[in-house]
Amino acid sequence: MPFQLFNSLSGKTEEFAPAQDNLVRFYACGPTVYDYGHIGNFRTFVAVDVLRRHLLQSGRQLLHVMNITDVDDKIIRNANQKGVPIGEYTAKFEKAFLEDMDALAIQQPERISRATENIPEMIALIQGLAKKGVAYQAEDGSWYYRISKFPEYGKLSKKDFTGLITDGSGRMDADEYEKDDARDFALWKAPKEGETSWDTAIGPGRPGWHIECSAMAMKYLGESFDLHAGGEDLLFPHHENEIAQSEAATGKTFARHWMHVRFLLVEGQKMSKSLGNFYTLRDLVLMGHKPSSIRLLLMSVPYRKQLNFTFDGLVQAANSVERLRNFKIRLETSQWAEGNNPEAAAVAKNAVTEMRAALDDDLNTAQALAAIFDLVRDVNAMADQGKVTKGDIPALLEALTKFDEIFGVLQDHDATHIKATVEWARRENREEKISAAALEMAQSASFSDADVEALVAKHSEARKARDFKTSDAVRDELLAQGIILENTKDGVRWKRK
RNA sequence: GGCGCGGUAGCCAAGUGGUAAGGCAGAGGCCUGCAAAGCCUUUAUUCGGCGGUUCGAUUCCGCCCCGCGCCUCCA
């Protein structure tokens with residue numbers, strides 16, 4: 001079955017394939033770098049990452065563009081408060097965001113593009129709209145988009161705007177009084193006192209919210225491209241306005257397919273600072289939660305379904321990752337009898353087939369996960385019965401590789417990331433937020449594999465001599481460093497906590 | 001008010017017109033110097049409630065209850 005993906009534009013699940021060649025051209029709205037990323041942000045980015053990885057595994061090539069919004073009201077306000085240029089202010093959060101992406105094993109897009117580096121492209125787009133009479137300049141110098149010129153306005157958000165002309169109410173913000181119609185939105189904002197602005201052919205000012213995405217998407221992907229993705233809140237007005245701007249300018253379909261990721265709940269409620277359930281990735285890591293647990297939890301519910309992010313769920317996800325990693329370690333470290341068991345190869349192949357079928361079905365990650373757990377259970381059982389042989393291991397590991405090409409949780413880099421986060425917290429004077437659990441997990445990152453191996457060897461020797469007192473002491477010593485040592489009938493093995 | 005999504009075991013959650021995947025947790029057992037890891041058995045006569053269609057509905061329709069989202073800069 002070809003890849004099926006829900007399209008917010010048509011409201012239907014449709015086959016998704018690139019229009020030209022084998023290259024998928026897509027744009028995903030990135031962060032506004034005014035603060036550290038929270039788990040809600042990362043649900044969206046993880047979902048897009050799953051899309052990316054599935055397309056790649058399906059043999060597609062990608063041109064994935066993500067914007068970084070490095071100028072907006074909040075950025076200007078916060079930078080002014082700190083008395084630093086906005087570029088300095090945003091650089092810090094952009095760096096933090098990229099680090100967080102890495103911690104969550106989110107692949108980098110082929111191109112990351114900053115709003116402030118594409119001002120000329122935006123101006124050109126606005127000028128084009130002005131020429132067509134779709135953009136107009138208000139008395140204060142701001143430019144607006146005239147929605148009445150775009151009959152299809154509302155086609156993405158399925159809103160009916162007829163009869164909703166100028167509302168005479170007091171809903172309009174002070175800087176919007178110049179608009180001809182209440183629905184019109186800003187393309188270019190004239191500078192206010194103390195605001196960063198650019199001198200341009202259409203006058204001084206700064207970009208409206210939506211224009212950057214239209215300009216950058218078309219710059220790198222062309223006037224018409226395959227897919228546009230983002231959080232569900234962006235559907236209106238952001239994406240609706242992007243369509244209006246772009247299609248009015250070019251007369252062509254902007255993005256053919258639209259993907260929107262649903263918001264998550266935290267402990268059953270919408271995440272908000274006032275409810276006290278607002279968490280950045282860094283908050284959670286400092287509390288002692290591994291990035292891999294967070295990633296798995298974010299992927300465990302299909303992207304179109306509301307995900308209830310809870311601390312209980314985080315523990316469950318951590319245990320699930322443990323089971324998967326234990327399985328991989330077992331395959332890699334056990335002594336296997338010579339031979340081949342066609343049944344094992346069949347189980348491996350079947351699991352991958354099922355996983356991919358689930359992903360082809362609108363990225364059903366929950367079902368894909370089930371396929372891989374079936375493999376784990378079946379192969380563990382076969383191994384206990386001595387039915388797994390040396391010749392089967394490559395195929396089984398290959399299946400796990402295929403799984404991890406999508407889910408990205410088997411490689412254990414948690415300790416390193418936790419350590420980096422702990423160090424960041426110290427630099428930022430957030431020491432009081434560092435939990436004992438985080439410290440313990442960070443500790444094992446200071447222990448190289450060679451260090452561990454040396455102690456493991458010491459443990460094994462003592463054990464061989466049935467000096468359990470010494471062997472247990474070494475094991476406890478390792479545990480105190482965040483290393484778990486296990487003895488199995490097939491030998492000794494270790495892993496980081 | 002307009003538009004939309006969802007309510008499945010203790011928790012997370014998939015799914016289908018023919019009688020409920022998977023994960024986590026719990027219980028019992030096997031294995032084991034200990035500790036783990038792993039395996040086996042077990043945990044929803046039932047899928048928010050009430051009606052309807054049907055030989056048969058958790059799955060289709062209607063109503064009701066509950067939760068949630070968007071409706072101008074929050075992913």
Side-chain angles (χ1 to χ4, degrees), chain A residues 8 11 28-32 37-48 69 72-74 154 157-161 164 171-173 176 182-186 208-210 229-238 240-241 260-265 268-273 278 296-297 300-302 304-310 312-327 329-330 334 354 358 361 364-374 376-377 379-385 463 466 468-469 471-472 475-476 479 484-490 493-495:
Chain A
S8 315
C29 286
T32 299
H38 60 251
I39 51 174
N41 295 314
F42 290 115
R43 181 189 197 192
T44 299
F45 298 123
V46 165
V48 172
T69 299
D72 90 322
D73 292 342
K74 282 190 288 281
S157 54
K158 319 276 188 288
K159 290 181 195 302
D160 182 5
F161 287 86
L164 223 177
R171 250 184 119 192
M172 287 181 282
D173 173 286
E176 292 178 327
R183 305 169 301 164
D184 291 352
F185 59 89
W209 177 31
H210 321 291
E232 64 168 332
D233 60 313
L234 298 180
L235 196 135
F236 187 86
H238 185 54
E240 192 70 60
N241 290 352
H260 290 95
V261 181
R262 192 134 194 228
F263 268 18
L264 55 68
L265 257 37
Q269 291 186 289
K270 180 168 177 171
M271 179 167 71
S272 76
K273 285 182 178 163
F278 182 94
L296 190 76
L297 179 54
S300 64
V301 178
R304 285 208 293 139
K305 235 191 125 177
Q306 198 165 55
L307 158 66
N308 186 12
F309 192 100
T310 65
D312 189 37
L314 220 34
V315 172
Q316 294 181 12
N319 290 333
S320 298
V321 172
E322 265 308 292
R323 179 167 164 84
L324 294 166
R325 287 180 178 172
N326 284 336
F327 177 67
I329 291 169
R330 181 177 194 182
S334 295
E354 301 251 304
D361 182 12
N364 190 335
T365 45
Q367 204 155 54
L369 232 24
I372 217 67
F373 276 106
D374 281 339
V376 172
R377 182 183 11 78
V379 174
N380 268 325
M382 287 168 71
D384 280 4
Q385 293 162 31
R463 197 159 167 271
R466 299 193 70 78
F468 295 122
K469 203 173 157 193
S471 68
D472 287 355
R475 188 168 65 195
D476 288 346
L479 189 61
I484 294 168
L485 192 158
E486 296 169 357
N487 293 296
T488 73
K489 65 176 163 41
D490 296 317
R493 67 192 191 197
W494 65 272
K495 63 192 177 191

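Just the heavy atoms: all of them, side chains too, but no hydrogens, waters or symmetry mates, feed the values below. In what follows, chains carry the letters A, B, and so on, assigned in the order in which the sequence lines appear, proteins first and then strands, with residues in each chain numbered from 1.
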Counting distance alone, no hydrogens or angles: does the base of [N] have a donor or acceptor under 3.5 Å from a partner atom on the side chain of [X]?
X        : N      : value
A:Arg475 : B:rA35 : yes
A:Gln306 : B:rC5  : no
A:Asp472 : B:rG33 : yes

Subject >> Any donor-acceptor pair under 3.5 Å from A:Gln306 side chain to A:Leu264 backbone >> reply: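 Checked: no pair found.
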**OP:** Grab the CG-P distance between A:Asn319 and B:rG26 for me, whole Å please.
**Re:**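 My rounded result for the distance is 9 Å.
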Subject >> Distance, rounded to the nearest Å, where A:Asn326 contributes CG and B:rA37 contributes C1' >> reply: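 In whole Å, B:rA37 C1' lies 6 Å from A:Asn326 CG.
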Original post:
For A:Pro31, which contact category applies under a 4.0 Å heavy-atom criterion: base, sugar-phosphate, or nothing?
Top reply: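 Nothing: the residue A:Pro31, judged by heavy atoms under 4.0 Å, touches no strand.
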Original post:
Hey, does A:Phe263 reach any base, or is it just sugar-phosphate, or nothing, if we go heavy atoms under 4.0 Å?
Top reply: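 A:Phe263: base contact, heavy atoms under 4.0 Å.
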Subject >> Nucleotide paired to B:rC73 in any strand shown, Watson-Crick or G-U, under 3.5 Å >> reply: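 B:rC73 is unpaired by these criteria.
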**OP:** Would you please classify the geometry between the A:Phe185 ring and the A:His210 ring as parallel, tilted or perpendicular, with 30° and 60° separating the classes?
**Re:**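 Ring orientation, 0 to 90° scale: perpendicular.
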Subject >> CG on A:Leu296 to CD on A:Gln316, rounded to 0.5 Å >> reply: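 Reported value, rounded in 0.5 Å steps: 11.0 Å.
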Subject >> Salt bridge flag under 4.0 Å for residues A:Glu322 and A:Lys495 >> reply: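 Counted as a salt bridge, because a side-chain N and a carboxylate O are separated by less than 4.0 Å.
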**OP:** Starting from the 5' end of RNA chain B, give me the residue, A:Asp384 or A:Arg304, whose nearest nucleotide shows up first.
**Re:**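 The answer here is A:Arg304.
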Original post:
Quick one: on RNA chain B, does A:Arg463 or A:Leu297 contact a more 5' nucleotide (nearest heavy atom)?
Top reply: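 Upstream on the strand: A:Leu297.
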Subject >> Phosphate OP1/OP2 of B:rC39 contacted by A:Lys489 side-chain N/O (<4.0 Å) >> reply: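 No.
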Original post:
Within less than 4.0 Å of OP1 or OP2 of B:rA75, is there a side-chain N or O belonging to A:Asn41?
Top reply: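 Yes, because at least one side-chain N or O of A:Asn41 sits under 4.0 Å from OP1 or OP2 of B:rA75.
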